[in-house]
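Because the structure is predicted, anything quoted here is derived from the model rather than measured. Numbered from 1 within each chain, the chains take letters A, B, ... in sequence-line order.
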2 protein chains.
Amino acid sequence: MAVSIDDLCGEYVREHRADIRIKKEAVAVRNVRAIVSAALKLSCRKGFDAMSLRDLSRESGLSMGALYSYFSSKEELLVLIQSLGRKAVERILRSHIEGESEPRARLRVAVRTHLYLSELLKDWFYFFFMEARRLEDRFRSAAMQSELLTEGIIIDILDEGIRAGVFHELNSALAGSVIKAMMQDWYLKRWKYARRRISVDEYADFVISVVEAFAMEPAMV
Amino acid sequence: MAVSIDDLCGEYVREHRADIRIKKEAVAVRNVRAIVSAALKLSCRKGFDAMSLRDLSRESGLSMGALYSYFSSKEELLVLIQSLGRKAVERILRSHIEGESEPRARLRVAVRTHLYLSELLKDWFYFFFMEARRLEDRFRSAAMQSELLTEGIIIDILDEGIRAGVFHELNSALAGSVIKAMMQDWYLKRWKYARRRISVDEYADFVISVVEAFAMEPAMV
DNA sequence: GTCTATAGTGCGATAGAC
DNA sequence: GTCTATCGCACTATAGAC
């Protein structure tokens, strides 16, 4: 699963060559990386609003003026980080789940992949959640669609499993919601799980066991 | 369960008579109510940072100057809302659970009471979660303690039930975490459940069914 | 491309009239 | 008690030197 801040920033620069004033790709990627990395770090501490561009300038090592070569307003920077990361996450999540066909295995892979991905990109996921309401309407609805999309993947798997008789009759919409809630807790309460020395694998195993206890026919557990 | 914004604000005024410059209690309660109510409304839309005191002045109907008769800085207003609401919530939650003694009933009451309370005080709960990281260290650690306290209530009930043989052997700390996560989803994703016309009762029943499927011995489900 | 310096804005907070 | 008026400051954003 080759995905990191570097990869995502490289992808962004190549897709937005026209909007960025910097000609050398290597320079652009390096600086975008520094900016996004610094912005995530500072925002996750105190929030995007509380982060001033002076803070961002200091943390990223670029001057105020240089920052504006990469985005044209603070709002645009917010949208950049949100949409860039989200698109990448959706793509990766989908590609991993497609490998499995049997519902029970698909459900396990979906939960585990989501947790691994959110572990790898903790700051991004936290940022998506906490800063989504600061977006303008058109971008916020994209964020809501994204919440529903991830959940929809889970719901589809559950419905498939019910039809196949692997899972018993259950409210798949509500089940999808609470499964998503459990997965989100991993990156929303990092401090708690870190303090208790719970690994992402332990957490994944536990969530899967809860989900299966509820969804599986007793005879198959 | 007599608890509302009015009750909490009245309680605050009586406890902080010394700090508030207004002499008439009736006036003070009315204005504190207007301020807190407006602050919650505005903060839950765009965040506490994004809410200016001019916005708050407009929404509450008090002038900038008048606002400063009730708090001495924006930071103090944040702490006021956080600590006031949180203390009240903890007290109410504890008092309701004490009524039950049998582990299974206690668990059901704990989940249901928490959900009802978060329904009644949606804005407060949302505010606690989203604005906690803006607090100074000493206040933020109080917020973290509160997260652990609510979760601790659940964990204690689970441990009791395991000892009594009502629940099977399970990792009660992890179970407490994910139960808390499911309960929190109710007020963190209000837009989603409202859109789907899910009532708090439906949600409570569902969460309880998930928890019991996992925690109960198969024979007792 | 990146810098420094600064323009222009809106903020939190306060003083003083009523 | 509450208001209006205003202060000083920190912010976003930009202009112009290098």
Base, sugar-phosphate or nothing for Phe71(A)? Non-hydrogen atoms, less than 4.0 Å.
nothing
Give Ser63(B) one of three labels, base, sugar-phosphate or nothing, depending on what nucleic acid heavy atoms sit under 4.0 Å from its own.
base
Selected nucleotide, minimal atom distance to Leu53(A) side chain, candidates dG12(C), dA13(D), dT2(C):
dA13(D)
OP1, OP2 of dA13(C) versus side-chain N and O of Tyr68(B): anything below 4.0 Å?
yes
Ignoring backbone atoms, establish whether Ser52(A) has a side-chain N or O less than 4.0 Å from OP1 or OP2 of dA10(D).
no
Round to the nearest Å and state the distance from Met64(A) atom CE to dC3(C) atom P.
12 Å
Euclidean distance, atom NZ of residue Lys46(B) to atom P of dC11(C) [Å, nearest integer]
13 Å
Do Glu151(B) and Lys192(A) have side chains that get closer than 4.5 Å, going by heavy atoms?
yes
Taking atom types as they are modelled, would you say the side chain of Arg54(B) forms a donor-acceptor pair with the base of dG12(C) within the 3.5 Å cutoff?
yes
Run the ring-centre check on Tyr116(A) versus His96(A) and record whether the distance is less than 6.0 Å.
no
Taking the ring centre of each residue, are Phe128(A) and Tyr187(A) less than 6.0 Å apart?
no
Residues from residues 75-83 of chain B lying under 4.0 Å of DNA chain C - heavy atoms
none
Out of curiosity, [X] [atom1] to [Y] [atom2], how far, rounded to the nearest 0.5 Å?
X	Y	atom1	atom2	answer
Glu160(B)	Leu107(B)	CD	CG	10.5 Å
Arg196(A)	Ser177(B)	CZ	OG	4.5 Å
Arg108(B)	Ser209(B)	CZ	OG	9.5 Å

